Amino acid sequence: MGKVIIIANQKGGVGKTTTAINLSAALAQHGMKVLAIDSDPQGNCSSGLGIDKNKVKNSVYQMIIGECSIEECILDSVIENLKVVPSSVQLAGADIELIGLDNKEHILEEKIKDVVDEFDYIIIDCPPSLNVLTVNAMTAADSVIVPIQCEFYALEGLSQLLYTINLVKERLNPDLVMDGVVFTMYDARTNLSLQVVEDVRKNLKQNIFATIIPRNVRLAEAPSHGLPICLYDNKSAGAEAYDDLALEVLENDGHEGNVSHETSSDNKKSGGLKKLFKKK
């Protein structure tokens, strides 16, 4: 049975969708069968994996309102082993449309059950809000990864997200766990990034990934070409960092012995940041 991981943070601009795109792609390049579900009405995860969201017939929206099955939504991406359930701008009204429905928090969970055995990982990109779509994703998930930007307000809103996760765990999904926090947009040229990482490590009582995602121009450019970073520039610092993150996820899940080493960075480890900020 596949593991369902959601990428969530109600604070926008923290690298949430970038992480969903590139973690999914890196896992696929390591030989895992991956399904990326774009549950954000903006649809950036879909377009970042080569899907033209304006030409999609069936999306997460049609799926959750019962017009189609999840199998009818699944599309090929630009990477072998990686499939996509695309988003739709119609999702923006999902909160209102689902009002009054029985079991509305479990819709995505019930849909995913039909395909969970076909994949090693299902990665869900959540919207930057704590709405019914995010709660649906949390109810369906095995674990949560929370991207945090290396900036002064890094922890803003995180307490509310953790409260929501605990509430979902208490009332809807007792098996939900925190895989951890991943730092994004790290800028080695500034003391602020270093200070933020050190402060969060001291004060946050959550698991923290050793891999830190750098601020990287190529990483920012890749979505406009409809490509994950491993295809856009596999030698960039961003590609190597997401490859490291995928390896860390696989190691934590006990997959390291089954991993293909045909990686986005030709198996070259970026290592510098990981050596600097090892888990304590």
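Worth saying up front: this structure is predicted, and the values here are computed from it rather than measured.
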Donor-acceptor under 3.5 Å ([X] side chain, [Y] main chain):
X	Y	result
Ser193	Thr190	no
Asn166	Leu162	yes
Thr17	Cys45	no
Thr134	Ser129	yes
Ser46	Ser87	yes
Asn173	Ala141	yes

Roughly how far, to the nearest 0.5 Å, is the [atom2] atom of [Y] from the [atom1] atom of [X]?
X	Y	atom1	atom2	value
Asn234	Glu240	CG	CD	8.5 Å
Lys111	Asn136	NZ	CG	11.5 Å
Ile79	Cys230	CD1	SG	3.5 Å
Thr18	Ile229	OG1	CD1	9.5 Å
Asn58	Ser69	CG	OG	8.0 Å
Lys104	Thr139	NZ	OG1	11.0 Å

Report yes if some heavy atom in the side chain of [X] is under 4.5 Å from a heavy atom in the side chain of [Y]; otherwise report no.
X	Y	answer
Ile5	Ile122	no
Met178	Ile165	yes
Ile7	Ile124	no
Ile37	Val60	yes
Gln10	Pro128	no
Leu130	Leu161	yes
Leu219	Ile213	yes
Pro86	Asp38	no

Minimum heavy-atom separation for [X] and [Y], please, with both atom names.
X	Y	answer
Val34	Phe119	C-CD2, 3.6 Å
Pro127	Pro41	CB-CD, 4.0 Å
Ile212	Ala241	O-CB, 4.0 Å
Cys126	Ala137	SG-CB, 3.6 Å
Ile112	Ala140	CD1-CB, 4.0 Å
Tyr242	Leu23	CD2-N, 4.1 Å

Set out, in order, the CA-CA distance, both residues' side-chain angles and the distance that settles side-chain hydrogen bond (donor to acceptor under 3.5 Å, both in side chains) for His30 and Asp243, then state yes or no.
CA-CA 9 Å; His30 279 290; Asp243 188 58; 2.7 Å; yes
Verify same cluster id: [X], [Y] (apolar side-chain graph, 4.5 Å):
X	Y	value
Met185	Val217	no
Leu250	Val177	no
Val14	Tyr186	no
Leu101	Ile70	yes
Ile65	Ile96	no

Go through Tyr121 and Asp253 one step at a time and tell me if the side chain to side chain contact (heavy atoms under 4.5 Å, CB included) criterion holds.
CA-CA 11 Å; Tyr121 285 95; Asp253 293 337; 2.6 Å; yes
May I ask you to check whether [X] and [Y] show a side-chain donor-acceptor distance below 3.5 Å?
X	Y	value
Gln195	Asp199	yes
Gln62	Gln90	yes
Glu97	Tyr61	yes

Does [X] come within less than 4.0 Å of [Y], counting only side-chain N to carboxylate O?
X	Y	result
Glu198	Arg201	no
Lys33	Glu80	no
Asp179	Lys3	yes
Lys16	Asp40	yes

Name the one of [options] that satisfies side chain to side chain contact (heavy atoms under 4.5 Å, CB included) with [X]?
X	options	value
Leu245	Thr184, Leu27, Thr211	Thr211
Ser39	Leu133, Val85, Asp125	Leu133
Leu172	His106, Glu109, Met138	His106

Please report the C-alpha distance between Cys150 and Val197 in whole Å, then the side-chain angles of each, then the deciding distance to 0.1 Å, and finally whether the side chain to side chain contact (heavy atoms under 4.5 Å, CB included) criterion is met.
CA-CA 7 Å; Cys150 291; Val197 170; 3.7 Å; yes
With a 6.0 Å cut-off (strictly less than), is the heavy-atom count around CG of Asn191, excluding the residue itself, greater than 12?
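12 or below, so no.
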Decide yes or no on side chain to side chain contact (heavy atoms under 4.5 Å, CB included) for Lys53 and Asn44, but give the supporting numbers first.
CA-CA 9 Å; Lys53 57 193 176 184; Asn44 292 333; 3.9 Å; yes
Verdict with reasoning, Glu151 to Lys11, per salt bridge (Lys or Arg N to Asp or Glu O under 4.0 Å)
CA-CA 12 Å; Glu151 54 144 38; Lys11 189 174 186 294; 3.0 Å; yes
Trace of the side chain to side chain contact (heavy atoms under 4.5 Å, CB included) decision for Lys113 with Met1:
CA-CA 10 Å; Lys113 283 180 181 178; Met1 180 178 290; over 6 Å; no
